[in-house]
2 protein chains.
Amino acid sequence: MYDVFFSKFNEKVQLSESEEYAVKQFLTPKKLRKRQYLLQEGDICKTVAFIEKGAMRSYIVDSDGQEHIFSFALEGWAIGDLSSFLTEQISTQNIDALEDCELVLISKYAHDQMLISVPKYATFFRILMTEAYIALQKRTLSIISMSLDDRYKSFIDQYPDIVQRVPQHMIASHMGLSPETLSRIRSRIGKSQ
Amino acid sequence: MYDVFFSKFNEKVQLSESEEYAVKQFLTPKKLRKRQYLLQEGDICKTVAFIEKGAMRSYIVDSDGQEHIFSFALEGWAIGDLSSFLTEQISTQNIDALEDCELVLISKYAHDQMLISVPKYATFFRILMTEAYIALQKRTLSIISMSLDDRYKSFIDQYPDIVQRVPQHMIASHMGLSPETLSRIRSRIGKSQ
DNA sequence: AACTTCCATTGATTTTGGTCAAGATAAACC
DNA sequence: GGTTTATCTTGACCAAAATCAATGGAAGTT
């Protein structure tokens, strides 16, 4: 039931049987149908979701009603509005399912408890946090320094699975572009890629 | 000598006298003159620098030789190429001093030792990491969803001290803009701000 | 199978930001 | 103090992306 989650966990920090059992007590499984929300703007993000199966996205809606996708997440990735989750402030993000999903939920209470009582959870979380930061730094650097063509090439290079499973206009939104512009980039660089 | 560092540390995680002493053994003070490098492209980032006094920036140079500023850091902030520091791979970033600086350096060895032997350091690092991630997320959201005028307004709102101490063309670079465009934004929104 | 909705592409036009160039001011250096 | 160098601003022009609009195709629904 929590296969992907624990395989990811053990890949970062090796757990004993009893530690794995302890962590398991804090987890909640949840299924989400395509288009269902995990979080809506205005709510507090009460859980972080780890994806066992499926695909999700987080996005914000600007003052003109336009959606801007902040992130995608597939199997083995976590998603949630960390800022809202940790500070328990109202979120400005929406998170929903792009496909039918199987999730592992970690509540704020579970998170806080595990930080105290399961030292390896603190380590695991620190490592995920660091990796997420490095990935986001890479994305920021590519935004401020690369041409659109190169940014798209590097995206499909880094996340081929997302390109396969997510409609192109959403990838355009993630890059901060109009769908038409992304379509033209693809025709420029040869859409075979 | 490490006043700002420990004041920041204690603000996040309260240290006892003996813990503070233990941490101190792992720290190295360093002074840097304006324009001096902490890290140059092609080197491995061997230390994270915590700023006691002064101002620094990190930037990358693209294939056309153009500089793109990734981040600024003032007193109380840390700077370094985390990706290079943690993986010990060659860095693509440059980090130098915008003003004469007093730094507290944490080497990779010191970092790893403290993660093991000083549990509160692990907590401190996790908290800094999380805050850095949230700040970077906010920046990314503003890039993909806000107008340039609003992005600049939100920047001067959030980092008035940086606007005071750093030349405008560097802030333009940080936003991914030409200096001329930032100048025009400022004249549009009334540069009084 | 017919119908509807979503999606990707392409063209024409407008808007926005970049580039090039010149001039003004201020700061750093000798 | 005078010269050089960095910084900022403004204008004219150019390039790139957004917008508007239309079409064709794919996927989902009944």
Side-chain angles (χ1 to χ4, degrees), chain A residues 33-36 54-55 57 59 61-69 72 96-100 142-153 155-156 160 162-193, chain B residues 33-36 54-55 57 59 61-69 72 96-100 142-156 162-193:
Chain A
R33 290 267 182 71
K34 184 173 174 170
R35 316 210 93 243
Q36 262 194 292
R57 64 163 179 171
Y59 64 96
V61 180
D62 69 19
S63 42
D64 300 332
Q66 264 225 286
E67 287 181 7
H68 301 273
I69 295 180
F72 299 109
D96 64 10
L98 298 174
E99 305 171 358
D100 292 351
S142 78
I143 291 176
I144 60 174
S145 74
M146 284 162 69
S147 72
L148 287 185
D149 288 21
D150 288 346
R151 270 176 67 199
Y152 181 65
K153 280 189 225 160
F155 185 85
I156 57 184
I162 290 178
V163 178
Q164 289 304 316
R165 285 161 67 176
V166 166
Q168 272 161 44
H169 71 270
M170 288 192 184
I171 291 169
S173 169
H174 181 267
M175 293 180 71
L177 303 178
S178 70
E180 293 94 332
T181 298
L182 182 55
S183 171
R184 288 180 178 115
I185 290 169
R186 282 167 53 78
S187 80
R188 269 206 296 271
I189 68 178
K191 65 202 83 180
S192 56
Q193 311 199 36
Chain B
R33 289 269 182 70
K34 183 173 176 171
R35 315 209 94 243
Q36 262 194 293
R57 63 162 179 169
Y59 64 97
V61 180
D62 70 18
S63 42
D64 300 334
Q66 265 226 285
E67 287 181 8
H68 301 273
I69 295 180
F72 299 110
D96 63 9
L98 298 174
E99 304 172 357
D100 292 352
S142 79
I143 291 176
I144 60 172
S145 75
M146 284 163 67
S147 71
L148 288 185
D149 289 21
D150 287 346
R151 271 176 67 200
Y152 181 65
K153 279 188 227 161
S154 115
F155 185 87
I156 57 184
I162 290 179
V163 178
Q164 290 304 317
R165 285 161 68 175
V166 166
Q168 273 160 43
H169 70 273
M170 290 195 184
I171 292 168
S173 169
H174 180 266
M175 293 180 71
L177 303 176
S178 69
E180 294 94 331
T181 297
L182 183 55
S183 172
R184 288 180 178 115
I185 290 170
R186 283 168 51 78
S187 80
R188 268 206 297 270
I189 67 177
K191 64 203 81 181
S192 56
Q193 311 201 34

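Computed from a prediction, not measured in an experiment: that's the story for all the values here. Below, chain A is the first sequence line, B the second, and so on; all start at residue 1.
The CD1 atom of B:I69 sits 12.5 Å away from the OG atom of A:S145 when rounded to the nearest 0.5 Å. Here the OG atom belonging to A:S147 is positioned 7.0 Å from the NZ atom belonging to A:K153, to the nearest 0.5 angstrom. Atom OH of residue B:Y152 and atom CE of residue B:M175 lie 8.0 Å apart, to the nearest 0.5 angstrom. Rounded to the nearest 0.5 Å, atoms CZ (A:F155) and CG (A:L182) are 9.5 Å apart.
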Q: Encode nucleotides 13-30 of chain D as B, S and - characters from 5' to 3', where the letter depends on protein heavy atoms closer than 4.0 Å: B to the base, S only to sugar-phosphate, - to neither.
A: ----SSBBB---------
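A:D62 contributes a side-chain N or O that, together with a main-chain N or O of A:D64, makes up a donor-acceptor pair within less than 3.5 Å. A donor-acceptor pair under 3.5 Å links the side-chain atoms of A:H68 to the main chain of B:I144, judged by distance alone.
Listed here is the closest heavy atom pair of A:M146 and A:R151: CE-N, 3.7 Å. For the pair A:I171 and A:I162, the tightest heavy-atom approach, listed with the atom from each and the gap, is CD1-O, 4.3 Å.
Each end of the helix from C:dA1-D:dT30 to C:dC30-D:dG1 gets its own rotation axis from five pairs of C1' atoms, and the angle between them is 50° to the nearest 10 degrees.
With salt bridges taken as basic N to acidic carboxylate O contacts below 4.0 Å, one links B:D96 and B:R57.
The local environment of CZ in A:R33 is sparse, with at most 12 non-hydrogen atoms from other residues, nucleotides or ligands closer than 6.0 Å.
The stretch residues 164-173 of chain A touches DNA chain C through A:P167, A:Q168, A:H169, each having a heavy atom under 4.0 angstrom from the strand.
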